Amino acid sequence: VIITVLSITCTAFNAQSSVYGVIDWQGGGTDVTVFRTSVPVDSTFIFNDRIVLREGDILKLYNNGNNCDWTVSFIYQDWT
């Protein structure tokens, strides 16, 4: 299984939001930060660099409070 992440967006509402995304390679507990930024209220952050995840990798998205709506676009490939 290969998952290609095409874009990640966060739309902030109600308040400014600090957001970040990390990847836990193969679920081993070693997080690698992919992005970290602040999103003003009523604004949208777009991360559109490609990320390729293999089976067992974990993409984690965080924001302070519940001030962000997340959208992730991806391609899921399974050749089994």
Side-chain angles (χ1 to χ4, degrees):
V1 173
I2 294 177
I3 299 171
T4 304
V5 177
L6 304 174
S7 67
I8 301 170
T9 63
C10 165
T11 302
F13 59 93
N14 295 334
Q16 181 170 321
S17 189
S18 296
V19 299
Y20 64 101
V22 298
I23 297 174
D24 182 355
W25 299 114
Q26 297 297 300
T30 304
D31 291 346
V32 176
T33 302
V34 179
F35 63 85
R36 180 182 300 267
T37 191
S38 181
V39 183
V41 66
D42 296 327
S43 297
T44 300
F45 166 72
I46 301 171
F47 179 84
N48 60 2
D49 289 353
R50 304 302 181 255
I51 301 171
V52 176
L53 304 172
R54 298 175 297 156
E55 190 169 356
D57 293 343
I58 302 169
L59 174 63
K60 303 175 187 178
L61 303 173
Y62 299 98
N63 61 288
N64 61 326
N66 293 320
N67 301 324
C68 183
D69 286 333
W70 292 99
T71 303
V72 179
S73 300
F74 61 92
I75 299 171
Y76 180 88
Q77 298 170 304
D78 185 351
W79 294 284
T80 57

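Just so you know, these numbers come straight off a predicted model, no measurement behind them. Nothing fancy with the numbering, it's 1 onward along the sequence.
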Exam field: side chain Arg50 to backbone Asn48, donor-acceptor pair closer than 3.5 Å: yes
Distance in Å, Asp31 CG paired with Asp24 CG, rounded so as to fall on 0.5 Å steps: 5.0 Å
Side chain proximity check, Tyr76 to Val1, heavy atoms < 4.5 angstrom: yes
Minimum heavy-atom distance between Pro40 and Ala12, given as atom pair plus value: O-CB, 3.5 Å
Hphob cluster co-occupancy, Val32 + Phe74, side-chain heavy atoms under 4.5 angstrom: yes
CD/Glu55: more than 12 non-hydrogen atoms of other groups inside 6.0 Å: no
Closest non-hydrogen atom pair, Phe13 against Cys68: CE2-N, 3.5 Å
Leu53, Asp78, Ile75 screened by side chain to side chain contact (heavy atoms under 4.5 Å, CB included) with Ile3, the one that passes: Leu53
same_hphob_cluster(Trp70, Val39) at 4.5 Å side-chain heavy-atom cutoff: yes
Side-chain heavy atoms of Thr37 within contact of Val19, under 4.5 Å: yes
Heavy-atom check, side chain of Tyr20 versus side chain of Val34, under 4.5 Å: no
Main-chain N/O of Ser18 paired with Asn64 side-chain donor or acceptor, under 3.5 Å: yes
With Ile51, the side chain to side chain contact (heavy atoms under 4.5 Å, CB included) member among Val72, Leu6, Asp57, Ile23: Ile23
Sub-4.5 Å side-chain heavy-atom contact between Phe35 and Ile8: yes
Non-neighbouring partners of Val52 that pass side chain to side chain contact (heavy atoms under 4.5 Å, CB included), sequence neighbours left out: Ile2, Thr4
Minimum-distance pair of heavy atoms, taken over all atoms of Gln16 and Asn67: O-ND2, 4.1 Å
Close side-chain approach of Phe47 and Val5, heavy atoms under 4.5 Å: no
